[in-house]
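Taking it in order: structure first as structure tokens, then the write-up.
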2 protein chains.
Amino acid sequence: MKILVIGGNSGTIGKSVAGRLSKKHEVITAGRTSGDIQVDINNAESIRQMFASVPDLDAVVCCSGATKWAPFSTMSEDDLYVGIKSKLMGQVNLVRIGKDFVKPGASFTLTSGVLADDPVYMSSNAAMVNGALHSFVKAVAPELANGLRLNVVAPGLVEDSAERLGDAFPGHTPVPMNKVANGYVRSVEGMFTGEVIRIF
Amino acid sequence: MKILVIGGNSGTIGKSVAGRLSKKHEVITAGRTSGDIQVDINNAESIRQMFASVPDLDAVVCCSGATKWAPFSTMSEDDLYVGIKSKLMGQVNLVRIGKDFVKPGASFTLTSGVLADDPVYMSSNAAMVNGALHSFVKAVAPELANGLRLNVVAPGLVEDSAERLGDAFPGHTPVPMNKVANGYVRSVEGMFTGEVIRIF
């Protein structure tokens, strides 16, 4: 398969997923400043240009998207829009725009996270964005034409980030990266659609 | 209690909830063009002015918020922002701004809907917004100070709307309005917080 991995050359999860998928597939990575091609997922026109430059995709995987990490009491409206414009609408736009460029039967695999279900202090923006992505995938997967599939992986705190981020996730058991990467492989190589693949 | 019900003089659910709560409480209704006081929940400054004009609230109930109803294949980015700006960020801003105006121990009760869990054709915008609200409430309730509580009611298709809307909700069993109103009463008069109160 020819697979586009957004964030595949930057984030902890993205790099692992791209590495794993590249064992069996042709992987093209995209990122704002790194990767094989450049894209700003906050910008719909940038997404359109990216898809126009990589024809015949069998799968699109997104491991990218920012959210604002802060106490809710200090959040401005603009702070809350950080996650809405990036991790939520960035990924929604990947599907909305990408569906007209990819091959029939192609799949989209987005990334949410454990915070939709088990939030921690300062995670309100990430939580709401992740929850939106879960319901978005359930609602949109059955509407897609041409056999396109759409799933979202919700990773927990990964082992590779546990030392750096673990204090912010009290009592969360770190998940082996290999298990998280399996979630993406299940979506890309599997046959199901509309699923929230919880890996935690 | 002194209770502000946004949408309490307009929508099918809002009117029923306001009527039900007014049997035991002082209810003030707010709406864009109807109600005791006016508010545009899409506008943070309008929300701030509303709260400044009604001091000493014991509870805030929101039964208001628009979403775009259309096939996903026809949705523009602006279409998807209809629900984000209104039903999602309108209600988020009610909590974000209102928390600094209401009485200690006051409650916020928002409205999502069955489409977060059981979407139907053309409901992608409503689904994503409802899902975001569920995770928002879970994440923010434990961060609120001064004993403030925060819940969200997720009503199914209500009996009063079944004739008008039922065809869009195939196989959904209409819920008696009295049962939906009970969900709001449970949040306002109960003691729990951070709950998604599913009534379907």
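Please read all numbers here as calculations on a predicted model, not as lab measurements. Reckoned from all heavy atoms, side chains included, excluding hydrogens, waters and symmetry mates.
- Proximity to chain B involves both the backbone and the side chain of P71(A), based on heavy atoms less than 4.5 angstrom apart.
- Counting heavy-atom pairs closer than 4.5 Å to chain B, the top-ranked of the candidates M75(A), M122(A), M89(A) is M89(A).
- Heavy atoms closer than 4.5 Å to chain B are found nowhere in L133(A), neither backbone nor side chain.
- Salt-bridge annotation for E195(A) and K138(A): absent, with no side-chain N of the basic residue lying under 4.0 Å from a carboxylate O of the acidic one.
- For V137(A), no part sits under 4.5 Å from any heavy atom of chain B, backbone or side chain.
- For the 3.5 Å distance criterion, the side chains of S112(A) and N130(A) fail to qualify, holding no donor opposite an acceptor.
- Top candidate by heavy-atom pairs under 4.5 Å with chain B, chosen from F72(A), F136(A), Y121(A), is F72(A).
- Between chain B and the options A116(A), A132(A), P119(A), the largest number of non-hydrogen pairs under 4.5 Å is found for A132(A).
- Shown here for K87(B) and S64(B), the closest heavy-atom pair between the two residues is CG-O, 4.5 Å.
- No side-chain donor-acceptor contact under 3.5 Å links D160(A) and T12(A).
- At a threshold of 4.0 Å, the pair D58(B)-K2(B) does not count as salt-bridged, since none of the basic side-chain nitrogens sits closer than that to a carboxylate oxygen.
- When heavy atoms are compared at a cutoff of 4.5 Å, E77(A) approaches chain B by way of both its backbone and its side chain.
- Under a 4.0 Å N-O distance rule, the pair R32(A)/D40(A) does not qualify as a salt bridge.
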